[in-house]
Amino acid sequence: QVQLVESGGGLVHTGGSLRLSCAASGSIAKIYAMGWYRQAPGKQRELVATITVSGTTTYADSVKGRFTISGVNAGNTVYLQMNSLKPEDTAVYYCNADLYDNDYDENYDYWGQGTQVTVSS
């Protein structure tokens with residue numbers, strides 16, 4: 001029902017910046033929140049930032065003050081501006097969309113393919 005495509009990953013030095021983009025298509029009217037998760041080699045996937053359709057944002061403590069999630073419409077396009085990047089930020093970053101169906105009172109999650117972010121020291 002929803003397709004997510006991430007872009008913007010790459011290789012940067014410590015202190016550099018990247019902006020990730022996530023474009024959603026399909027049943028975007030049912031999306032109530034979108035976010036970014038990341039998974040480093042050998043580690044569990046973790047939440048980085050989320051944004052609701054009303055504009056409310058949340059961030060992991062490790063990225064507060066450095067990363068900013070935004071989007072003109074949180075239901076179809078979201079961005080993750082990453083500044084002051086550290087080697088610890090190296091991971092595959094995945095876009096996530098949370099959907100709610102009022103008729104069935106059910107939640108649904110969709111994921112993108114991921115984009116690699118590598119920060120060299």
Side-chain angles (χ1 to χ4, degrees):
Q1 293 183 342
V2 171
Q3 294 78 47
L4 304 172
V5 180
E6 304 102 329
S7 62
L11 173 64
V12 298
H13 263 97
T14 297
S17 299
L18 285 173
R19 190 182 77 158
L20 305 183
S21 299
C22 177
S25 61
S27 301
I28 59 175
K30 297 180 180 179
I31 297 175
Y32 68 86
M34 295 182 69
W36 290 93
Y37 288 68
R38 67 186 182 186
Q39 186 168 21
K43 293 188 176 181
Q44 185 77 15
R45 186 175 299 186
E46 65 174 347
L47 184 148
V48 176
T50 64
I51 184 168
T52 69
V53 293
S54 64
T56 302
T57 59
T58 60
Y59 296 92
D61 289 339
S62 60
V63 306
K64 285 182 178 178
R66 299 188 299 121
F67 291 10
T68 302
I69 187 169
S70 64
V72 175
N73 186 337
N76 54 49
T77 306
V78 294
Y79 303 93
L80 185 68
Q81 179 65 47
M82 305 185 294
N83 299 323
S84 301
L85 283 163
K86 306 174 181 179
E88 307 93 89
D89 297 317
T90 296
V92 176
Y93 284 69
Y94 297 90
C95 181
N96 168 262
D98 294 324
L99 282 67
Y100 179 71
D101 191 316
N102 290 319
D103 293 331
Y104 294 93
D105 190 26
E106 294 284 347
N107 291 300
Y108 303 90
D109 294 315
Y110 290 87
W111 296 88
Q113 296 272 52
T115 184
Q116 177 70 48
V117 171
T118 302
V119 184
S120 64
S121 59

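In plain terms, the two heavy atoms of V92 and Q116 that are nearest each other are CG2-OE1, 3.2 Å. Nearest heavy-atom pair, I69 versus G35, reported as atom, atom and distance to 0.1 Å: CD1-CA, 4.1 Å. The two residues V53 and I31 come nearest to each other via the heavy atoms CG1-O, 3.1 Å. When every heavy atom of S17 is checked against every heavy atom of N83, the shortest pair comes out as OG-OD1, 2.9 Å. Nearest heavy-atom pair across I51 and S70 is CD1-CA, 4.2 Å.
In this model, a donor atom of one side chain and an acceptor atom of the other lie less than 3.5 Å apart for S54 and T52. No hydrogens or angles considered: a donor-acceptor pair under 3.5 Å links the side chains of Y100 and D105. With no hydrogens or angles considered, no side-chain donor-acceptor pair links T14 and S121 at under 3.5 Å.
Test Y93, W111, Y94 against E6 for side chain to side chain contact (heavy atoms under 4.5 Å, CB included) and you get one pass: Y94.
Rounding to the nearest 0.5 angstrom, the gap separating the OH atom in Y32 from the CG atom in D101 is 12.0 Å.
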| query | M82 and V12: side-chain contact (heavy atoms from CB on, under 4.5 Å), yes or no, with the steps? | reply | CA-CA 11 Å; M82 305 185 294; V12 298; over 6 Å; no
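Under a 4.0 Å N-O distance rule, the pair K64/D61 qualifies as a salt bridge.
Counting heavy atoms from C-beta outward, Y108 and V2 have side chains that stay 4.5 Å or more apart. C22 has its side chain within reach of M34: a pair of non-hydrogen atoms, C-beta onward, lies under 4.5 Å apart. Between R38 and V117, the closest side-chain pair of non-hydrogen atoms is not below 4.5 Å.
With a 6.0 Å cutoff to the six-membered ring centre and a 45° limit on the axis angle, R45 does not count as a cation-pi contact of Y37.
Y59 contributes no side-chain N or O that, together with a main-chain N or O of G65, makes up a donor-acceptor pair within less than 3.5 Å.
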